[in-house]
Number of protein chains: 2
Amino acid sequence: MKELVDFRADILKALAQPTRLKIIDFLRDGERCVCEIFPAIDEEQSNTSRHLNMMLAASVLSRRKDGLKIYYAIKHPEILEVMDIVTGIVKLEIDGRHELLKAI
Amino acid sequence: MKELVDFRADILKALAQPTRLKIIDFLRDGERCVCEIFPAIDEEQSNTSRHLNMMLAASVLSRRKDGLKIYYAIKHPEILEVMDIVTGIVKLEIDGRHELLKAI
DNA sequence: CCATTAAATGACTATATACTCATATAGTTT
DNA sequence: AAACTATATGAGTATATAGTCATTTAATGG
């Protein structure tokens, strides 16, 4: 039986990879089809498709079909909150390292 | 050169694993030494140590030495915000699936 | 100095992940 | 139906990850 801790790990894992972060950044302004996403992040179509499906399975993205095209979107706006918080931590860390350097 | 996207991925990766989530849950109330952590999460000392060092390297945890013991703590309170948001998303998803089941 | 306790690490194994190239599937247009 | 476009997937490779057991390093107390 899958524990709550595993569901949380699945969602976090779906966010924890550079290519997927680029996708999430690109989807910030709203849904996009695969054909728009993979050139924007400069990855192969097949690789992009796999990442999209993975994030879909983890409930990070939602998917909508329209004719030939498949549009992916960020499923929960809270995902963007998470991204903003993490970006904030990175900035704190980088500032902290600058302080260390200045002290030398 | 490491991109911003990679720093974000490192932090998220450090959170995205069941054993590490258990550690973070356990550290919610404050710092703990390794000797308290590994029995609490029911993992081997060596495995726990590796996960702790990994989270330290990713700036998720901080470390303090006191004699023989080494105390680890959550470095940024924002990490706990992230965890709460993700827990919220998991709950939304589980509720959503219950609704689906009821509809059958 | 020796024994003890706490934490980290080397060496290994098994599994998972990211990616690529080629191909398959599905929907569209003519 | 044939050609075309968009997306997904099979198969393979290379690397990363999580875990184990045994050992090492570091600090403390007798």
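Below, chain A is the first sequence line, B the second, and so on; all start at residue 1.
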### Task
Looking at every strand, decide which applies to T19(B) at a 4.0 Å heavy-atom threshold: base, sugar-phosphate, or nothing.
sugar-phosphate
### Contact list for DNA chain C against residues 3-18 of chain B - heavy-atom distance below 4.0 Å
none
### Message
The side chain of H51(A) is closest to which nucleotide in this list: dA8(C), dA18(C), dC21(C)?
### Response
dA18(C)
### Task
Check if the side chain of S46(A) and the base of dC19(C) share a donor-acceptor pair of N or O atoms closer than 3.5 Å.
no
### Task
Before accepting this row, confirm whether a basic side-chain N of the pair E36(A)/K69(A) lies closer than 4.0 Å to the acidic partner's carboxylate O.
no
Which donor-acceptor pairs under 3.5 Å do the side chains of residues 95-104 of chain B make with protein atoms, sequence neighbours left out?
{"from": "R97(B)", "atom 1": "NH2", "to": "S59(A)", "atom 2": "OG", "distance (Å)": "3.4"}
{"from": "E99(B)", "atom 1": "OE2", "to": "K102(B)", "atom 2": "NZ", "distance (Å)": "3.4"}

### Task
Report yes if some heavy atom in the side chain of K91(A) is under 4.5 Å from a heavy atom in the side chain of T87(A); otherwise report no.
yes
#### Entry: Check: Y71(A)/R64(A) side-chain N/O donor and acceptor closer than 3.5 Å
no
#### Entry: L61(A) to L56(A) - nearest heavy-atom pair and separation
O-CD1, 3.4 Å
### Task
Determine the minimum heavy-atom distance between V5(A) and P18(B), stating which atoms define it.
CG1-CB, 3.8 Å
### H51(B) side chain to E43(B) side chain, donor-acceptor N/O pair below 3.5 angstrom
no
### Task
Give the rounded distance in Å between these two atoms: CD of E43(A) and C1' of dT17(C).
14 Å
### Task
Write down the distance between CD1 (I23(B)) and C1' (dA18(D)), rounded to a whole number of angstrom.
12 Å
### Task
Test for a donor-acceptor pair under 3.5 Å between the base of dA6(D) and the side chain of Q45(A), counting only N and O atoms.
no
### Message
Expected output is a numbered-order residue list: members of residues 53-74 of chain B with a heavy atom under 4.0 Å from any atom of DNA chain C. What is it?
### Response
N53(B), R63(B), L68(B), K69(B), I70(B), Y72(B)
### Query
Separation of E44(B) atom CD from dA8(C) atom C1', in whole Å?
14 Å
### Task
Check N53(A) against R63(A) and note the closest heavy-atom contact, atom names and distance.
OD1-NH1, 3.4 Å
### Protein-nucleotide distance (F38(A), atom CZ; dT7(D), atom C1'), rounded to Å
10 Å
### Summary
Of dA6(C), dC21(D), dG19(D), the nucleotide closest to the side chain of C35(B) is dA6(C)
### N47(B) CG to dA7(C) P, straight-line distance once rounded to whole Å
15 Å
### Query
Side chain of Q17(A), backbone of R20(A): donor and acceptor closer than 3.5 Å?
yes
### Query
Counting only distance, no hydrogens or angles, is the base of dT7(D) paired donor-acceptor with the side chain of R50(A) under 3.5 Å?
no
#### Entry: Spacing between K22(B) atom NZ and dG19(D) atom C1', to the nearest angstrom
12 Å
### Task
From the options dA8(C), dA6(D), dA18(C), select the nucleotide whose nearest atom is closest to the side chain of V34(B).
dA8(C)
